[in-house]
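Following: one structure in structure tokens, then a few remarks.
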Amino acid sequence: MKSRLILLACCLSLFSCGQSDKTTGKAPEFAVITVETTTANLTNSYPATIRGKQDVEIRPMVSGFITTLHVDAGSVVRKGQVLFSIDPVQYQAAVNSAKAAVETAKAAVNTQELTVNNKRELNKKNIISNYDLQMAENQLAQTKAQLAQAEAQLVNAKNNLSYTSVTSPSDGVVGSIPYRVGSLVSPSVTTPLTTVADISEMYAYFSMTERQLLSQIREGGSTKEILEKMPDVQLQLIDGTMYADSGRVETISGVIEQKTGSVTMRALFPNQRNVLRSGSTGNVVFPNPMTNVIMIPQSATTEIQDKKFVFVVQPDNTLKNTEIQVFKLNDGKYYYVTEGLKAGDKVVMEGVQNLRDGASITPITPAEKEAEYQKALKDQKEGNIQTAFN
């Protein structure tokens with residue numbers, strides 16, 4: 001059906017041109033539009049990688065077998081919540097041993113203090129020499145140092161025991177868990193126990209070229225002023241839908257990557273409904289409104305050596321092939337003309353591939369063109385299309 005309609009439209013165009021030339025001497029009819037300036041709400045989009053505001057790798061601080069998994073992948077956790085338990089037996093034994101060592105050291109200090117006090121009294125009575133007293137005092141200092149060392153070992157043992165309960169350093173969502181109960185883990189493992197992503201707010205990392213960046217910061221100012229002037233941005237999700245909440249650009253890299261000529265930027269989006277997930281992708285969308293721009297159908301243009309042209313109808317209904325400049329972005333249907341046309345110009349809407357500069361036409365409105373098309377379609381349905389073409 002679609003191919004028949006296209007054929008019908010082509011036939012109608014040929015009929016209109018040929019009939020006019022051969023029977024009435026009238027110039028062929030072409031649909032013409034009168035262009036006006038408008039405001040185009042265009043956008044620029046940049047591929048982005050979405051990350052949690054804080055993605056923390058959870059790694060064990062001590063070696064041992066995992067005895068309990070307290071969470072599963074995807075669990076929402078709070079800061080300080082226990083995620084894994086590692087067998088604590090050897091670390092509890094180390095704490096007990098360290099406590100005993102501290103008590104022994106304390107007893108040694110107490111004993112030596114008694115010895116020093118006794119020697120001081122004897123020294124006062126000249127019963128022992130200063131040398132003997134100094135030796136006793138040195139021995140006391142040594143036992144106190146041994147006590148301090150034992151207390152430090154106790155603190156270390158208690159810390160190691162506490163590390164057998166692996167807790168979350170922040171609120172967030174638990175990632176994948178490659179280790180299960182019975183797995184032997186240690187601080188040297190290359191793969192973390194899991195990752196906790198703080199997704200209350202999400203970062204979208206993206207890049208734009210140096211030229212694109214200049215279009216955003218051309219007015220200049222400090223980085224803070226530039227960021228404040230930047231508009232709110234939207235986030236297009238992987239399924240093509242737009243994320244409900246807008247975001248703000250927070251950082252702009254101060255260095256342009258030489259290999260790619262691009263600069264890295266970061267936008268922050270709220271995520272109160274937990275729609276966004278760390279590691280997902282999307283597009284950061286910048287608004288780019290354009291005022292006093294002329295919008296024309298792409299079918300009204302021809303392209304020669306990467307330059308675009310339209311046929312502008314002159315007062316005597318002749319055509320002038322006119323070069324235009326268009327905005328680099330398009331929606332596949334229209335071009336946004338920035339130079340070459342002005343409000344009130346009349347532009348041939350379609351069939352421009354068959355026209356030439358200086359040719360004469362009979363301009364009609366798109367509505368009149370549509371009426372002719374519908375009439376031809378009706379004739380075809382009634383079986384009269386062949387008669388009409390003859």
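What you are looking at is a predicted structure, and each value in this text was computed from that prediction instead of being measured. The figures here come from the full heavy-atom set of this structure, side chains too, leaving out hydrogens, waters and symmetry mates.
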- Query: Yes or no on side chain to side chain contact (heavy atoms under 4.5 Å, CB included) for Leu377 and Lys375, after CA distance, side-chain angles and deciding distance?
  - Reply: CA-CA 5 Å; Leu377 181 62; Lys375 181 179 182 301; over 6 Å; no

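- In this structure, Ile86 and Ser63 approach most closely via the heavy-atom pair CG2-O, 4.2 Å.
- In this structure, Pro178 and Thr191 approach most closely via the heavy-atom pair CG-CG2, 3.8 Å.
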- Task: Report the C-alpha separation of Lys369 and Glu29 in whole Å, then their side-chain angles, then the decisive distance to 0.1 Å, and conclude whether the salt bridge (charged side-chain N to carboxylate O under 4.0 Å, His left out) test is met.
- Result: CA-CA 9 Å; Lys369 185 75 172 180; Glu29 294 179 346; over 6 Å; no

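- In terms of heavy-atom proximity, Ala300 sits nearest to Val310 at O-CG1, 3.6 Å.
- In this structure, the side chain of Arg356 does not engage the main chain of Gln353 through any donor-acceptor pair within 3.5 Å.
- Between Arg51 atom CZ and Asp198 atom CG the span is 14.5 Å, to the nearest 0.5 Å.
- With hydrophobic clusters built from ILVMFWY side chains whose heavy atoms lie under 4.5 angstrom apart, Phe269 does not share a cluster with Tyr205.
- Residues Asn283 and Pro47 approach most closely at OD1-CA, 3.3 Å, considering heavy atoms.
- Cluster membership for Ile199 and Val76, using ILVMFWY side-chain heavy atoms within less than 4.5 angstrom, is shared.
- Between Leu355 atom CG and Asn321 atom CG the span is 9.5 Å, to the nearest 0.5 Å.
- Using a 4.5 Å heavy-atom threshold, the side chains of Gln90 and Asn160 count as separate.
- Atom CE in Met265 sits 9.5 Å away from atom OG in Ser207 (nearest 0.5 Å).
- Side chain of Gln298 to main chain of Tyr334: a donor-acceptor pair is present (N/O by atom type, distance under 3.5 Å, no hydrogens or angles).
- For the residue pair Ser278/Asp55, the side-chain donor-acceptor check at 3.5 Å is satisfied.
- For residues 236-252, the salt bridge (Lys or Arg N to Asp or Glu O under 4.0 Å) pairs, not counting sequence neighbours, are Asp232-Arg248, Asp245-Arg273, Glu250-Arg266.
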- Item | Stepwise side chain to side chain contact (heavy atoms under 4.5 Å, CB included) test for Ile252 and Val263 | CA-CA 7 Å; Ile252 302 175; Val263 61; 4.0 Å; yes

- Between Asn117 and Glu113, does a side-chain hydrogen bond (donor to acceptor under 3.5 Å, both in side chains) hold up when you go through it step by step? CA-CA 6 Å; Asn117 290 335; Glu113 284 180 342; over 6 Å; no

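- No side-chain donor-acceptor contact under 3.5 Å links Thr301 to the backbone of Pro297.
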- Task: Give the C-alpha distance, both sets of side-chain angles, the deciding distance and a yes or no for side-chain hydrogen bond (donor to acceptor under 3.5 Å, both in side chains) between Gln134 and Asn130.
- Result: CA-CA 6 Å; Gln134 187 64 51; Asn130 291 336; over 6 Å; no

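- Between Gln112 and Ala136, the shortest heavy-atom distance links the atoms NE2-O, 2.9 Å.
- With a 4.5 Å cut-off on side-chain heavy atoms, Leu69 and Val181 count as touching.
- The environment of CE in Met135 is sparse: at most 12 heavy-atom neighbours from other residues, nucleotides or ligands sit within 6.0 Å.
- Ser162 places a side-chain N or O within 3.5 Å of a backbone atom of Asn159 that can act as its donor or acceptor partner.
- Although no hydrogens or angles enter the test, the distance criterion places no donor-acceptor pair under 3.5 Å between the side chain of Tyr243 and the main chain of Leu276.
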- Query: Could you walk me through whether Thr264 and Phe206 pass the side chain to side chain contact (heavy atoms under 4.5 Å, CB included) check?
  - Reply: CA-CA 6 Å; Thr264 301; Phe206 63 100; over 6 Å; no

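- For the pair Val196 and Val77, the minimum side-chain heavy-atom distance is below 4.5 Å.
- Side-chain contact between Leu319 and Val313 is present, with at least one heavy-atom pair separated by less than 4.5 Å.
- Here the side chains of His70 and Leu83 are not in contact, with every heavy-atom distance at 4.5 Å or above.
- Atoms OG and NZ, from Ser299 and Lys333 in turn, are 12.0 Å apart once rounded to the nearest 0.5 Å.
- Note that the CD1 atom of Ile296 and the CD1 atom of Ile33 stand 7.0 Å from one another [nearest 0.5 Å].
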- Query: Should Glu151 and Lys106 be marked as a side chain to side chain contact (heavy atoms under 4.5 Å, CB included) after you check the CA-CA gap, both sets of side-chain angles, and the distance that decides it?
  - Reply: CA-CA 10 Å; Glu151 290 175 337; Lys106 285 182 177 179; 4.2 Å; yes

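- Cluster membership check: Leu140 does not share its hydrophobic cluster with Leu133, using side-chain heavy-atom separations under 4.5 Å among Ile, Leu, Val, Met, Phe, Trp and Tyr.
- Asp171 has no carboxylate O lying under 4.0 Å from a charged side-chain N of Lys79, or vice versa, which leaves the two without a salt bridge.
- Annotation: cation-pi pair Lys320/Phe311 absent, no NZ/CZ under 6.0 Å from the ring centroid and within 45° of its normal.
- By the criterion of side-chain heavy atoms lying less than 4.5 angstrom apart, applied directly or through intervening Ile, Leu, Val, Met, Phe, Trp or Tyr residues, Met230 is not grouped with Tyr203; the two fall into different hydrophobic clusters.
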- Task: Starting from the C-alpha separation in whole Å, work towards a yes-or-no answer on ring pair (Phe, Tyr, Trp, His ring centres under 6.0 Å) for Phe286 and Tyr46.
- Result: CA-CA 8 Å; Phe286 277 74; Tyr46 307 92; 5.6 Å; yes

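- Taking each heavy atom of Thr318 and Ser360 in turn, the nearest pair found is CG2-OG, 3.6 Å.
- Just one of Thr104, Val102, Asn110 meets the side chain to side chain contact (heavy atoms under 4.5 Å, CB included) condition when paired with Leu147; it is Val102.
- Side-chain contact between Phe84 and Thr68: absent, with no pair of heavy atoms (C-beta onward) separated by less than 4.5 Å.
- Taking 4.5 Å as the limit, every side-chain heavy atom of Pro192 sits out of range of all side-chain heavy atoms of Ile58.
- Put simply, Val32 and Phe309 are part of two different groups of oily side chains (I, L, V, M, F, W, Y) that touch within less than 4.5 Å, one to the next.
- At least one donor-acceptor pair closer than 3.5 Å links the side chain of Thr111 to the backbone N or O of Ala107.
- For the atom pair Thr194 OG1 and Asp72 CG, the distance stands at 9.5 Å (nearest 0.5 Å).
- A donor-acceptor distance shorter than 3.5 angstrom exists from the side chain of Thr338 to the backbone of Gln325, with no hydrogens or angles considered.
- Inter-residue side-chain proximity for Thr164 and Asp87 is flagged as unmet; no heavy-atom pair is nearer than 4.5 Å.
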